[in-house]
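See below for the structure under consideration.
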Amino acid sequence: MATIAADKQYGLYINGKWEQTEEMMEVINKYNQEVTAHISSAKKEHVDAAVQGAKEALKSPFPPYARYEVLMKAAQLLVDRCEEFAQVLALEVGKPIRESRGEIERAAQTLVISAEEAKRIHGEGVPVEAAQGSENRMAFTIRVPVGVIAAITPFNVPVNLVCHKIGPALAAGNSVVLKPAEVTPICALMLADLFEEAGLPKGRLQVLTGDGAKIGEWLLENKDVNMFTFTGSPLVGEYIRSKAGLRKVALELGNNSATIVHNDANLEQAASLISQKSFNNAGQVCISVQRVYVQEEAFESFIDLLKKKTEKLVIGDPSDESTDIGPMIRLREAERVESWVNEAVEEGAVIALGGKRNGALYEPTILTNVNDDMKVCREEVFGPVVSVATYKEIDEVIAKVNDSDYGLQAGLFTNDLQFAMKAAREIEVGGLIVNDASAYRVDHMPYGGVKNSGNGKEGPKYAIEEMTEERIIVLNL
Ligand code: NAD
């Protein structure tokens, strides 16, 4: 790793070798906008070589105990190199350094959980003898790897979300061709280096950097790819599904996450958690709180508390220990968020806090007097903006939360058990978090959305189900 970090020219990782291309792409330091490194840009021949190598690698045995050992070793190396990885995250994502360290610690956990799951992949007995004429038969299922999995990942959590793909895929005995986001590729290449050191057999992990749309197209055209696992925007997810044909596709997409604050909630706790979880990573988190619905009588007190907590957040250089909010991933994304907020204000919204942009830094912003048809409520903002509206009745607020194209996770602050259970049944999401904001995730839980938020579940145990096929074995005795 030291050699590739020093010259800041990163190659593709194909069949265990680093390959530099003539054409290179720039990687930008997201805080000062300076070019910090160059990455290789894969062509079709590289994509095909990577897929071919991944397919070949499947022919060499890689039993579950060996997968366990490699994944555990990789997790340990990640812990050992936490600071090195965190510094790269601060630079290429613009993620504040304390939050970056948190991501690396979680990524190491994701690998440990994947390692543990590698030992637990099993089928079940099937009582075929219950069917007349099958009295002398026995049957059971086994789970076999899908084969070559193309993993395409987003910029916002580029170590842990990559580990959520390669951890379970390798644990289940597959090979992976990884295509990280073009704006945050370095930590994915560092992971490849780390897996090599952990003893991963050559070819089991390939990493292709460069133009996302082109590489995506070449991967989709290559029929030796057996499955696509994608985390990113609904637009690209839908495109992948439309081109993947009959192959397996798992999609983790966007959301405009809602969180409800009921009258009986602990408002101090609700404001504290909503303030943290609306603005983490400058709001560039798929379950980031975007819409808050507060019951009318609690509105004034809640807004005061939310403003007080949010005012304390420090905006600035992600490498500074005191920073809570760094820059957005691109200047044009901060400009887009600014224009959406301005549009909401023209339509009657009030800025209760924030609303200013300085380059790619956008202040944590609280909007009130919003309606559900404003872009800041209806679409995914993916920036540090939270809109707070009111409601009177429980049925009304459930309908408001469900009036969305998305359904990843929602939060509900209440001590009313009846309301919590009604919400559990009626809110259309992959996960409901009671007495916390929508943005709660630990890495072994099932995680994934409904509606335009995607399909398929993450969390190593659940991802392994997607990344294996169930095969039945019938014995005629
Ligand atoms: P994006 O869709 O722009 O890019 C994601 C990946 O797709 C990148 O690697 C990109 O290079 C690649 N890509 C782009 N065009 C492609 C094409 N035509 N074919 C194949 N691949 C292509 O998303 P982003 O901006 O990196 O990430 C933000 C989005 O990701 C948000 O919508 C967010 O909600 C979502 N997200 C979802 C989850 C989740 O778990 N549900 C987690 C994180 C982010």
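Position 1 is the first residue of the sequence; numbering continues from there. Atoms within a ligand are numbered from 1 in the order they appear, just like the ligands themselves.
- For atom 24 (P) of ligand 1, the nearest protein heavy atom (residue, atom name, distance) is Phe155 CD2, 3.7 Å.
- Residue Arg441 has no N or O atom closer than 3.5 Å to an N or O atom of ligand 1.
- The Lys179 neighbourhood of ligand 1 comprises atoms 8 (C), 9 (O), 10 (C), 11 (O), with distances under 4.0 Å to a heavy atom of that residue.
- Looking at atom 3 (O) of ligand 1, its nearest protein heavy atom turns out to be Ser233 OG, 4.0 Å.
- Those atoms of ligand 1 with a heavy atom of Asn156 less than 4.0 angstrom away are 43 (C), 44 (C).
- By the 4.0 Å heavy-atom criterion, Gly454 is excluded from the residues contacting ligand 1.
- In this structure, atom 42 (C) of ligand 1 lies nearest to the protein heavy atom Cys286 SG, 3.0 Å.
- Ranking the protein heavy atoms by distance from atom 33 (C) of ligand 1 puts Phe382 CE1, 3.3 Å first.
- Considering only heavy atoms from C-beta on, Tyr10 stays 4.5 Å or farther from Val27 through its side chain.
- Between Met467 and Thr229, the closest side-chain pair of non-hydrogen atoms falls below 4.5 Å.
- Only one option out of Arg204, Glu56, Gln206 pairs with Ser175 in a side chain to side chain contact (heavy atoms under 4.5 Å, CB included); it is Arg204.
- Figure legend: cation-pi geometry between Lys451 and Tyr406 absent, as NZ or CZ is not positioned both under 6.0 Å from the six-membered ring centre and within 45° of its axis.
- Of all the listed residues (Gly232, Pro185, Ala188), Gly232 holds the heavy atom that lies closest to atom 30 (O) of ligand 1.
- In Ser453, neither the side chain nor the backbone holds a heavy atom less than 4.0 Å from any atom of ligand 1.
- Between atom 11 (O) of ligand 1 and the options Gln409, Glu217, Glu182, Glu333, the minimum heavy-atom separation is to Glu182.
- Summary of contacts: the protein heavy atom closest to atom 41 (N) of ligand 1 is Leu253 O, 2.7 Å.
- In summary, of the residues considered (Val385, Thr259, Val381), a side chain to side chain contact (heavy atoms under 4.5 Å, CB included) with Gln290 occurs for Val381 alone.
- Residue Gly216 approaches ligand 1 through these ligand atoms, each under 4.0 Å from one of its heavy atoms: 19 (N), 20 (C).
- Relative ring orientation between Phe155 and Phe382 is described as perpendicular, the plane-to-plane angle rising above 60° on a 0-90° scale split at 30° and 60°.
- Arg98 contributes a side-chain N or O that, together with a main-chain N or O of Thr323, makes up a donor-acceptor pair within less than 3.5 Å.
- Distances below 4.0 Å separate heavy atoms of Gly254 from the following atoms of ligand 1: 32 (O), 34 (O).
- By the 4.5 Å heavy-atom criterion applied to side chains, Leu208 and Tyr13 are not counted as neighbours.
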Intermediate values then yes/no, salt bridge (charged side-chain N to carboxylate O under 4.0 Å, His left out), Arg101 and Glu83: CA-CA 7 Å; Arg101 290 186 193 114; Glu83 195 54 33; 2.8 Å; yes
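- Counting protein heavy atoms only, atom 12 (C) of ligand 1 is closest to Ile152 CG2, 3.6 Å.
- Atoms of ligand 1 lying under 4.0 Å from at least one heavy atom of Pro180, given by number and element, are 9 (O).
- For ligand 1, the atoms sitting less than 4.0 Å from at least one non-hydrogen atom of Ala213 are 15 (N), 16 (C), 17 (C), 18 (N), numbered in the order shown with element in parentheses.
- Assignment of Thr153 to the shell around ligand 1 is supported, since a heavy atom sits closer than 4.0 Å.
- Each of the following atoms of ligand 1 lies closer than 4.0 Å to a heavy atom of Leu161: 42 (C), 43 (C).
- Protein heavy atoms are found inside the 4.0 Å sphere centred on atom 27 (O) of ligand 1.
- The nearest protein atom to atom 31 (C) of ligand 1, hydrogens excluded, is given as Glu380 OE1, 3.5 Å; this is a heavy-atom distance.
- Ligand 1 has no nitrogen or oxygen under 3.5 angstrom from a nitrogen or oxygen of Leu408.
- Every side chain to side chain contact (heavy atoms under 4.5 Å, CB included) that Glu26 has, sequence neighbours left out, goes to Ile28, Val35, His38.
- The side chain to side chain contact (heavy atoms under 4.5 Å, CB included) test applied to Ala90 returns Ile97, Ser100, Pro318, not counting sequence neighbours.
- Inclusion of Glu458 in the set of residues having an N or O under 3.5 Å from an N or O of ligand 1 is not warranted.
- What sits closest to atom 22 (C) of ligand 1 on the protein, heavy atoms only, is Val236 CG1, 3.5 Å.
- The structure places CG of Leu313 at 9.0 Å from CD of Gln276, a figure rounded to the nearest 0.5 Å.
- Judged by the 6.0 Å distance and 45° axis criteria, Arg441 is positioned over the aromatic ring of Tyr447.
- Between Leu253 and Phe230, the closest side-chain pair of non-hydrogen atoms falls below 4.5 Å.
- In summary, of the residues considered (Glu466, Lys248, Arg247), a side chain to side chain contact (heavy atoms under 4.5 Å, CB included) with Val146 occurs for Lys248 alone.
- Checked by distance only, ligand 1 and Leu220 stay at 3.5 Å or farther apart across all their nitrogen or oxygen atoms.
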